[in-house]
Amino acid sequence: MSQVTVRLPDGSSRKLPAGTLVSDVAEEISPRLAQAALAGVVDGKLVDLSYPLERDASVRIVTDKSPEALRLHRHSAAHLMAAAVTSLFPGTQCGIGPATDEGFFYDFVVERPFKPEDLEAIEQKMKELASQDLVYERQMWPRDEAKAFFAERGEPLKVQLIDEKTEGETEVSCYTIKDKETFIDFCVGPHVPTTGKLKAFKVLTASSAYWKGDARNQPMQRVYGTAFLSDKDLKAHLTQIEEAKKRDHRKLGRELGLFTFHQWAPGAAFWMDKGTALYNTLANYMREVLFPAGYVEVKTPLIYNKALWERSGHWSFYRPNMFLVESEGEIMSLKPMNCPGHFLLYASDVRSYRELPIRFHEQTPLHRNEASGVLSGLTRVRQFSQDDAHCFVTQDQIGEEVERLIRLVQRVYGDFGLPYTAKLSTRPDEFLGEVATWDHAEAQLKAALDRSGMAYDLNEKDGAFYGPKIDFDVTDAIGRKWQCATIQLDYMQPENFDLKYIGADNTEHRPVVIHRAIIGSFERFIAILIEHYAGAFPLWLAPVQAVVLPIADRHLPYAGAVRDQLEGAGLRADLDRRQEKIGYKIREAQLHKVPFMLVVGDREAETRTVSVRERSGGDKGASSIDAFIASARDEIARKGKRSDGASELPAAS
RNA sequence: GCUGGCGUAGCUCAGUCCGGUAGAGCAGCUGAUUUGUAAUCAGCAGGUCACGGGUUCGAAUCCCUUCGCCAGCUCCA
């Protein structure tokens with residue numbers, strides 16, 4: 001019998017008979033490893049434990065500790081779910097069932113949509129199948145036989161998949177759970193060896209999806225579930241889902257009196273006074289950041305003739321998302337973006353190289369006619385404003401400008417206590433302009449990222465067709481990622497709009513445009529902040545920073561004077577003048593997450609002080625009004641950070 | 001936009017399956033209470049049951065339309 005040499009991760013190697021299974025290798029190393037083994041990695045490829053080793057190879061055994069384990073579990077759980085569904089609902093057709101970042105799903109064609117009771121039944125059935133510790137078996141079927149088999153079983157979608165995925169092959173791989181009567185699926189695998197390995201899974205929701213995600217195809221029922229390596233991890237995940245629900249900005253926005261919606265203005269928020277205070281604080285903060293960075297604030301029209309959109313190219317590719325209006329027979333559109341307006345503004349005067357970079361910052365509202373089904377709270381709206389700006393630079397200024405931008409991004413996210421990551425997207429296969437120009441631009445972006453000392457991912461070929469870009473993702477307090485900042489180079493629009501500057505050589509040159517936003521849309525960023533802080537904004541952002549709480553009516557004059565003094569000092573202050581006990585007023589203020597409660601009664605009125613109660617931290621004792629104002633202003637100026645730069649905010653979890 | 005679910009007082013929800021005069025808590029208002037660090041007591045008021053149509057002696061409830069909200073519609077066998 002011939003032998004194969006198996007190399008192990010520790011550098012050792014063993015000679016074993018050809019055809020030895022991965023599971024045998026695990027057994028050979030140690031019985032305990034064999035017990036824990038879920039799959040193998042042979043020459044870098046993830047395979048089943050039942051994979052036979054026919055030639056020399058490096059082998060690694062996958063266990064719960066391996067990075068592949070989670071996806072393996074989830075994909076196997078998807079099969080287990082499909083087995084449960086086909087058992088409970090005979091005649092169900094199966095589509096695809098992949099693992100995802102959060103869990104897994106499986107698409108089915110069923111007679112009627114699933115109800116919550118069905119999902120419970122499915123989960124029960126899965127548990128039952130798991131407890132039976134059934135084997136996942138890989139079988140190689142002749143292609144035609146497999147197609148005939150699935151066709152006969154009334155699974156045309158599987159036949160279609162086999163056709164598409166295995167063209168030119170003679171055999172296709174299928175996986176059974178127990179046997180082909182119980183469950184069989186066309187699948188590359190691999191899987192965990194038996195259903196008993198799956199110990200922590202949950203069926204979550206059902207909704208509809210289309211075959212291959214295309215609305216022209218047949219609608220299917222998608223059942224989502226999640227699986228983890230331990231009950232502890234699963235529980236943590238479910239708790240996280242609950243936590244996310246508690247922080248939902250739509251719920252907190254109403255409870256905190258920030259904003260509301262009306263069915264007659266779908267996708268457009270009504271900002272109440274407190275929400276407006278927050279909005280304005282953000283908008284002014286961005287102005288404070290951008291003015292010293294060389295930006296000028298501009299306001300350009302909200303409505304433009306269709307001619308502009310034809311020039312910019314929006315008319316041909318963005319029209320479905322534009323709100324059109326008619327005036328005296330002319331078709332106009334509300335602007336979905338600021339760029340074309342900024343180009344017209346740039347072109348309204350002769351520009352010299354001495355002026356560049358020119359940086360136009362604008363916060364006026366934009367309108368995008370998003371499909372009704374994608375609207376969601378403040379995160380997906382039809383009307384919003386951005387901390388939008390366009391920088392007009394020379395080719396050689398790109399690197400420095402981008403580096404300045406990265407520093408701005410770092411500063412802003414630092415002020416909000418949001419961790420972030422960056423990714424650089426380079427030239428796609430279909431692109432506009434010269435390869436040399438792209439290479440030059442990409443090199444400058446890379447150099448700028450390197451100089452900034454930031455770690456970043458490379459997204460090859462993911463740039464826009466008009467230029468490369470850098471995107472930033474922030475991670476909120478409960479670990480969710482949001483794309484906010486973007487820095488995009490644009491070579492196309494300066495051509496379209498024939499933008500020029502006069503160079504040092506006294507001839508005309510083409511500037512490069514950098515589209516950039518740091519927080520993106522104020523609406524969406526506020527949603528992120530609400531959920532990040534769980535509604536408990538740091539002092540500098542809080543819509544109401546302090547509320548004065550008089551003990552009894554006779555303290556109202558003094559309380560009013562305190563409130564006036566706070567407002568005079570630039571603080572956002574309220575006065576609770578209701579005839580209620582102090583505990584009631586405090587409870588109310590706590591629920592509204594006001595950072596400071598200032599209790600005033602006889603003692604305070606006499607000594608011209610306030611009793612400070614902190615939202616987090618309770619009673620801080622008496623303080624003179626001036627001392628309170630001074631410390632509050634200091635905290636606002638520091639934006640909640642200690643003087644060493646670290647954040648005082650508790651890690652909300 | 002498409003598929004499914006949902007829409008009852010400002011908010012959270014009961015009542016809908018099985019048609020028969022619309023309910024609770026919180027918030028609001030009035031009165032009493034004048035209060036010291038997370039809910040004082042009593043009373044009152046508040047609803048074309050999203051909108052429009054249909055079935056019926058009778059519709060919040062059953063059927064259809066429209067609007068809005070929620071979830072999903074990228075993950076590859």
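Proteins come first, then strands; the chains are lettered A, B, ... in the order of their sequence lines, and each starts at number 1.
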_5' precedence on RNA chain B between A/Ala371 and A/Gln590 (nearest-nucleotide basis)_ = A/Ala371
*With both distances under 3.5 angstrom, what nucleotide forms a Watson-Crick or G-U wobble pair with B/A32?*
B/U40
_Minimum heavy-atom distance A/Phe228-A/His73, with the two atoms named_ = O-CD2, 4.1 Å
*Which nucleotide, B/U37, B/C76, B/C70, lies nearest any side-chain atom of A/Pro98?*
B/C76
*What interatomic distance, in whole Å, is found between C1' of B/G53 and the corresponding atom of B/A59?*
13 Å
*For A/Gly257, which contact category applies under a 4.0 Å heavy-atom criterion: base, sugar-phosphate, or nothing?*
nothing
*Does A/Arg554 have a side-chain nitrogen or oxygen under 4.0 Å from the phosphate oxygens OP1 or OP2 of B/G36?*
no
*Is A/Arg71 touching bases, backbone alone, or none of the nucleic acid, heavy atoms closer than 4.0 Å?*
nothing
_Nearest-neighbour nucleotide for the A/Gln263 side chain, B/U34, B/C67, B/C69 considered_ = B/C67
*P atom, B/C26 versus B/U66: distance in rounded Å?*
41 Å
*Distance-minimising heavy-atom pair for A/Asn321 and A/Glu370*: OD1-CA, 4.2 Å
*Minimum heavy-atom separation for A/Leu157 to A/Gln93, with atom names?*
CG-OE1, 3.3 Å
*asked:* Strictly below 4.0 Å: does A/Arg380 bring a side-chain N or O up to OP1 or OP2 of B/G72?
replied: no
*With respect to the side chain of A/Ile582, which nucleotide from B/U37, B/C75, B/C70 is positioned closest?*
B/U37
*Can we call the ring centroids of A/Phe108 and A/Phe89 under 6.0 Å apart?*
no
*From the list B/G36, B/A38, B/C73, which nucleotide is the closest neighbour of the side chain of A/Arg613?*
B/A38
*Considering just the side-chain nitrogens and oxygens of A/Tyr224, establish if one lies under 4.0 Å of OP1 or OP2 belonging to B/G4.*
no
*Compare side-chain N and O positions of A/Ser376 against OP1 and OP2 of B/A71 and report whether any pair is under 4.0 Å apart.*
yes
*Out of B/A39, B/U37, B/A71, which has the shortest distance to the side chain of A/Ile586?*
B/U37
*Please tell me which of the listed nucleotides, B/A39, B/G36, B/C69, lies nearest to the side chain of A/Tyr584?*
B/A39
*Where the side chain of A/Val374 is defined as all heavy atoms beyond and including C-beta, which of B/U37, B/C73, B/G28 is the nearest nucleotide?*
B/C73
*asked:* Both distances below 3.5 Å, Watson-Crick or wobble geometry, any strand: find the nucleotide opposite B/A71.
replied: B/U3
*Sort out the partner of B/C18 for me: Watson-Crick or G-U wobble, both distances under 3.5 Å, none otherwise.*
none
*Does A/Arg254 make a cation-pi contact with A/Phe259, if we ask for NZ or CZ under 6.0 Å from the ring centre and within 45° of the axis?*
no
_Pair assignment for B/C13, Watson-Crick or G-U wobble, requiring both distances under 3.5 Å_ = B/G23
*Would you indicate which nucleotide in B/U37, B/G28, B/A38 comes nearest to any side-chain atom of A/Leu591?*
B/A38
*Of all the nucleotides listed (B/C75, B/U35, B/C69), which has the minimum atom distance to the side chain of A/Pro266?*
B/C69
*Which listed nucleotide (B/U12, B/U35, B/U37) is nearest to the side chain of A/Arg254?*
B/U12
*Mapping A/Glu588 and A/Glu604 onto RNA chain B by nearest heavy atom, which one lands closer to the 5' end?*
A/Glu588
*Is the distance from OP1 or OP2 of B/C70 to the nearest side-chain N or O of A/Arg250 less than 4.0 Å?*
yes
*Base, sugar-phosphate, or nothing: which does A/Gly601 touch, judged by heavy atoms less than 4.0 Å apart?*
base
*asked:* Rounding to an integer number of angstrom, what distance separates B/G68 and B/U21 when you compare their P atoms?
replied: 34 Å
_What contact category does A/Phe261 fall into here, base, sugar-phosphate, or nothing, at under 4.0 angstrom with non-hydrogen atoms?_
nothing
_A/Arg74 to A/Phe104, cation-pi by 6.0 Å centre distance and 45° axis angle_ = no
